[in-house]
Structure formats: C-alpha cells, structure tokens
Amino acid sequence: MSTKLRAVTRYLIKEQFQLLGWTYLCLFAAFVILPFLMALFTGNLKGFSFISTVSDLGLGVVFGFFIFMTMSLTYEHFKLLIQNGISRKTFWQARILTLLVMSVAGEFIAALYNYGVTAPVHHHSASQFLDASTYSLYAHYFGSNLAINLGASFIFSCLFFIGLGTTGMALGSIFSLLTKFVRRIVIITIPILGFFFLVFVTSTAAGNSHYNFEGLANFVKFLLGYQANGAAGNFNPWPPMLTMVIGSIIMAGIAYAFNRKLRIKQ
Amino acid sequence: MSIQIQAVNQSFHGQTILDNINLTIEPQKIYGLLGRNGAGKSTLLNIISNRIFATSGTVTLDEDSLVDNDHTLGRLYLMSEVNLYNERTKLTKLLDVTTRFYGDFDRDYATQLAAKFELDLNARFGKLSTGYRTIFKLIVALCVPADYIFLDEPVLGLDANHRELFYQELIETYSERPRTFVISTHLIEEIANLIEHVFVLDQHQITVNGSVPDILDRSYAITGPDADVRQYTTGLNIIGQDQLGGITAHYVYGALEDDRPIPDTVKIEHLDLQKLFVNLTNHQEVAHVN
C-alpha cells in the first residue's frame with residue numbers, strides 16, 4: 001500500500017468513525033432523550049421505559065442507511081483530495097478499503113448491541129434472536145452450532161453493507177458528474193417512476209396482469225437461496241452471498257468508471 | 001526536469017477554450033500567466049493540476065503523466081479562485097489535512113504567516129471573508145512542500161497592505177527554498193518585478209512566451225508629432241496607439257530597424273509589462289504578435 005493510499009484511507013476511516021459516532025448520538029437523542037423529555041414534561045414518566053427504549057434502536061438498520069449515504073458523498077471528498085494532490089484512483093481505492101473496514105466495524109457494533117443489549121432485554125437467547133433477525137431465513141442452514149450460524153450471519157450482514165456501500169459509491173459518482181439541473185430532474189423523476197413500478201408490481205402480484213413473471217420469480221427465489229423442500233431458516237445463504245459479492249464488484253466497477261471522470265465544477 | 005504541456009486543446013459545448021497550447025514550465029523560476037478575463041488561464045491551470053481533463057493533448061512532469069498520478073500530483077499545488085475546502089472545517093484541521101497528504105508541510109511557517117496576516121486559525125473556513133479565504137489559501141501555498149506552485153488570482157480580495165506582505169513573503173520563501181511559482185493575476189504592475197518569465201494567453205492561444213527582460217527589450221513606445229511617428233513606424237509591428245492633441249504614441253512589439261533614421265522629434269522608450277499586455281490583448285487595435 002502506497003503512503004498516499006494509507007494516508008487517504010486513514011483519513012476517510014477516521015472521518016467515518018466520527019460521523020458514525022455523531023449518527024448514533026443523534027439516534028440516541030432522538031429516540032431516547034427526546035421521548036424521555038416528552039414523558040417528563042407530559043407527566044407520563046411511568047409509561048416510559050428507559051431500558052426498553054435503549055434496546056430498540058436498531059443500530060444495524062441505521063448503519064445500513066449510514067454506509068449508503070456516506071459512501072455516496074463523492075464530490076465533497078474529491079475536491080478536498082484533488083486540492084491536496086491525491087489522484088482519483090487512490091481516492092477510489094481508499095474508499096473501497098474504508099467501506100470494508102467500516103462494514104466489519106459497523107456490523108460488529110450492531111452485533112454487540114443486538115446480542116449484548118437487545119436480546120437480553122427482551123429475554124431472548126442468542127439463538128432466538130438470530131431466528132428473529134434478518135438472517136432468520138438461513139439461520140439453521142449450517143446446522144445447530146450457534147457460533148457457526150452467528151459467524152455466517154455476521155459475514156452475511158457485512159456483505160450486505162458492502163453491497164449498500166458500493167451502490168452508494170456508484171450512485172454518488174454518477175450524481176457528481178451531473179449538473180444541478182439534471183440532478184434535480186433525476187431526483188424528481190425516480191420516485192415517480194418508482195411509484196408506477198410499485199403499482200405495476202402490486203397489480204401483477206394480485207394477478208391482474210397478463211404478463212408471466214414465473215421465470216423472474218424463480219430467479220429471485222434462487223438469488224434468495226429458496227429451497228423447495230426447506231422451511232424458512234434452512235434457505236441456502238450461499239446464492240445471496242455470492243449475489244452480493246458479484247453485485248458489489250459490479251457496483252465498485254461502475255463507481256470506478258465514473259470516479260475516473262470526476263472533475264472540478266467551475 | 002520540467003512540466004511539459006503539449007498540444008493541449010480544450011473545448012466546451014463546441015466553444016474553444018484553449019487552442020493548441022504548448023508550454024514548458026521549468027524548475028525554480030517565477031512565471032506570470034497573463035490573460036484577459038475568459039482567456040482560459042484558470043482552465044489551463046486546472047488542466048495542469050488534473051482537476052479537469054483536456055479535450056486533447058498531454059501534460060507531463062519529468063516525462064510522467066499528471067493524469068491520475070499521485071507521485072506527480074503531489075509535486076504541485078494549485079491555489080485556485082474556486083474554494084475546494086469544506087466550509088464547516090476549521091483552518092487548523094485543514095492544515096492537518098494538507099500535512100497528512102503532502103508530507104513535510106511547514107507548520108511553523110504557516111503559524112508565523114497566520115500571525116502576520118492576523119488570521120485566526122481556529123476560525124472555520126466558511127466564516128472567512130473573501131480576502132481571508134485568499135490569505136488562508138496563500139499560506140497553504142507558501143508552506144506546502146511542492147516543487148511547482150500555481151497561484152490563480154493570489155491577491156483576490158486582499159487590501160494593499162496584505163498584498164505587499166504577500167509579495168514580500170513570496171520573495172523571501174523563494175530565496176530560502178527556490179521552487180517554481182506560476183502567478184496568474186490581473187494586477188500586472190504589482191508582479192512585474194517578481195516574475196522572470198511571462199506567458200500571455202490571448203484568444204485561447206499563447207501569444208507571448210519569453211523572459212520578461214527579453215520581451216520588454218522588444219517592446220517600444222514611440223512618441224512624437226503624429227506625422228513623424230507615423231513615418232517612423234511604417235512597416236513595424238504596431239500593437240496599439242494613443243493620441244493626445246498633436247502628440248501620437250505608437251506601441252511597437254518586435255525589433256526596430258536599425259538602419260531607419262530616428263527623427264529628432266520622436267522619442268523611443270521601452271514599455272512596461274502592463275502597457276505591453278494591454279496593447280497586445282486589445283483587439284480594437286490590430287496587434288501582430290511574433
């Protein structure tokens with residue numbers, strides 16, 4: 001690793017940790033302190049449970065949003081780095097390394113919180129918590145060894161965060177190249193198109209469409225690791241993990257291609 | 001050992017910004033990059049520092065490309081008119097960032113300069129006035145350990161005292177650690193005594209490229225009665241003229257003909273850099289640049 005790459009990676013990681021700290025602090029203020037104050041001022045303190053509130057913060061979900069948003073911030077970093085003689089390539093490499101480190105760290109914090117705070121507060125064992133988590137579809141695929149299942153869940157979540165991060169990077173890099181006008185049009189158009197797409201999907205799912213989506217449905221089932229004879233919990237996690245790895249590589253490639261075209265706006 | 005700019009063209013929406021620019025920027029020299037508004041000076045500096053891409057052509061430093069190359073990009077610094085620093089960040093932190101990425105940043109000198117310019121390093125960049133933003137960027141430019149420093153409008157928003165202080169510091173730091181400075185400014189008179197070599201960018205092309213003494217040696221103001229001046233300058237490269245009453249001044253760029261008799265009524269003087277620049281780039285007059 002070159003000196004510059006190391007310097008940029010350290011800088012980005014440090015900045016990400018600071019931002020993550022602030023994010024969790026804001027989360028705590030908004031979902032713990034604010035409800036506490038509301039309860040205090042409305043005289044409803046009996047109905048407020050500090051422990052219960054603290055245990056339901058959903059750090060994993062918040063981290064997912066965090067990694068997507070921060071990885072999409074491209075131009076702000078680019079202009080600072082190019083001002084300091086750092087190439088686009090080094091910037092991209094440093095962001096990938098930062099994403100890997102942050103995904104592992106973010107999932108580690110979320111896992112500590114889930115199994116150290118949320119599960120005990122709700123009187124759940126680790127195994128019970130895993131069965132209720134986003135990994136529940138695959139929670140028993142590797143047998144009954146809890147450590148292996150927890151490890152697989154950890155890797156699964158890390159890959160998911162890496163996928164979110166690389167998607168954020170790709171979108172951020174593309175957006176950085178657009179003019180303000182085009183960016184506004186895209187921001188307005190995408191939700192509208194998304195709404196129509198949702199209506200279309202709902203209509204199709206309700207059987208009101210003459211299109212046959214059986215092939216697509218089977219493909220999605222394959223990607224999710226659906227087992228025809230297996231119940232939820234015994235789905236195969238390898239196809240989704242492989243999909244996330246391939247998807248991340250594609251997104252990182254898109255981010256790289258657009259990253260190389262970054263330029264200072266006059 | 002130099003920056004080579006070869007056949008650089010830049011166009012935007014079909015409009016030419018730079019047209020076949022060829023330049024060599026040598027080490028340890030102070031250059032002036034002069035041009036009227038919209039001539040393409042900032043665009044050229046942005047291309048050199050790889051902030052934007054040229055439509056065609058190459059820019060190399062010691063034969064290594066400057067495009068996406070940490071090694072070469074780390075040897076130059078562009079202080080630009082555009083603010084690339086985060087507005088919410090404190091100046092001390094921005095100095096830390098520069099130190100982190102450039103290496104041997106002269107922090108002591110930066111602190112001294114901040115004191116001389118009365119700049120509070122604990123302030124946030126976004127809270128500074130235009131002048132103090134310029135001062136901060138100048139401090140970074142003077143303290144950064146790069147071999148090639150490009151200053152785009154380095155005195156933008158500075159009062160006369162601060163401009164004077166900047167020029168003094170520039171001379172001092174250059175004497176202590178010679179490196180290349182390329183200064184792009186409209187205040188030509190103020191830098192005329194600083195620069196050794198000048199590039200004039202006019203109508204998207206380099207029209208003058210030479211050492212300041214050589215260029216001034218080739219530029220003349222020929223004044224006297226209208227008829228005598230006209231007679232003497234016939235056939236010379238007249239780049240501009242002024243008239244006041246019966247007195248005419250013709251500005252000539254290029255060698256005078258030695259065998260041409262000079263009328264007693266005609267006075268010949270050398271132009272200063274600003275007068276030369278104004279006449280070279282004033283297209284109401286027909287200027288021919290050799």
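A note on names: the letters A, B, ... follow the listed sequences, proteins ahead of strands, and every chain is numbered from 1. Side chains are part of it too, since the values below use all heavy atoms of this structure and drop only hydrogens, waters and symmetry mates.
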- Within-4.5 Å side-chain heavy-atom neighbours: I183(B) and L33(B): no
- chain A-proximal positions within residues 89-96 of chain B [heavy-atom distance under 4.5 Å]: K93(B), L94(B)
- Note on the structure: When T43(B), I17(B), L45(B) are each screened for side chain to side chain contact (heavy atoms under 4.5 Å, CB included) with I52(B), the one that passes is T43(B)
- Query: Do the two ring centres, one from H77(A) and one from Y75(A), sit under 6.0 Å apart?
  - Reply: no
- Message: Using modelled atom types and a 3.5 Å cut-off, is there a donor and acceptor pairing between side-chain atoms of S49(A) and backbone atoms of S52(A)?
- Response: yes
- Message: If the contact rule is any heavy atom under 4.5 Å from chain B, which residues of residues 80-113 of chain A qualify, in numerical order?
- Response: L80(A), L81(A), I82(A), Q83(A), N84(A), G85(A), I86(A), S87(A), R88(A), K89(A), T90(A)
- Short question: side chain of R124(B), backbone of E87(B) - any donor-acceptor pair under 3.5 Å? no
- For chain A, the option from V140(B), L84(B), L73(B) that forms the most heavy-atom pairs under 4.5 Å: L84(B)
- Will you find, in the side chains of S56(B) and N9(B), an N or O donor that is under 3.5 Å from an N or O acceptor? yes
- Can the ring centres of F136(B) and Y85(B) be said to be less than 6.0 Å apart? yes
- Task: Indicate whether the side chain of D19(B) and that of Q205(B) have a donor and an acceptor atom separated by less than 3.5 Å.
- Result: yes
- Could you go step by step and tell me if Y109(B) and E176(B) meet the side chain to side chain donor-acceptor pair (under 3.5 Å) rule? CA-CA 12 Å; Y109(B) 185 39; E176(B) 281 173 21; over 6 Å; no
- Pick from L66(B), V182(B), D147(B), V144(B): which one makes a side chain to side chain contact (heavy atoms under 4.5 Å, CB included) with L76(B)? L66(B)
- Message: Within residues 155-173 of chain A, which residues come under 4.5 Å of chain B, heavy atom to heavy atom?
- Response: none
- Query: Do the side chains of N22(B) and I5(B) get nearer than 4.5 Å, heavy atoms only?
  - Reply: no
- Item | S176(A) backbone acceptor or donor facing T74(A) side chain under 3.5 Å | no
- Task: Considering only heavy atoms, give the residues of residues 1-18 of chain A separated from chain B by less than 4.5 Å, sorted numerically, with 'none' for an empty result.
- Result: K4(A), A7(A), V8(A), R10(A), Y11(A), K14(A), Q18(A)
- Message: Check this for me, if you would: do D68(B) and R260(A) make a salt bridge, where the nitrogen-to-carboxylate-oxygen distance has to be below 4.0 angstrom?
- Response: yes
- Task: Without swapping roles, check the side chain of T72(B) against the backbone of N69(B) for a donor-acceptor pair under 3.5 Å.
- Result: yes
- Note on the structure: When the 4.5 angstrom heavy-atom criterion is applied to N50(B) and chain A, the contacting part is both
- Item | Check against side-chain contact (heavy atoms from CB on, under 4.5 Å), N86(B) and F125(B) | CA-CA 7 Å; N86(B) 189 320; F125(B) 186 75; over 6 Å; no
- Message: Centroid separation under 6.0 Å, is that true for the rings of Y148(B) and Y77(B)?
- Response: no
- Charged N to carboxylate O under 4.0 angstrom, E153(B) versus K41(B)? no
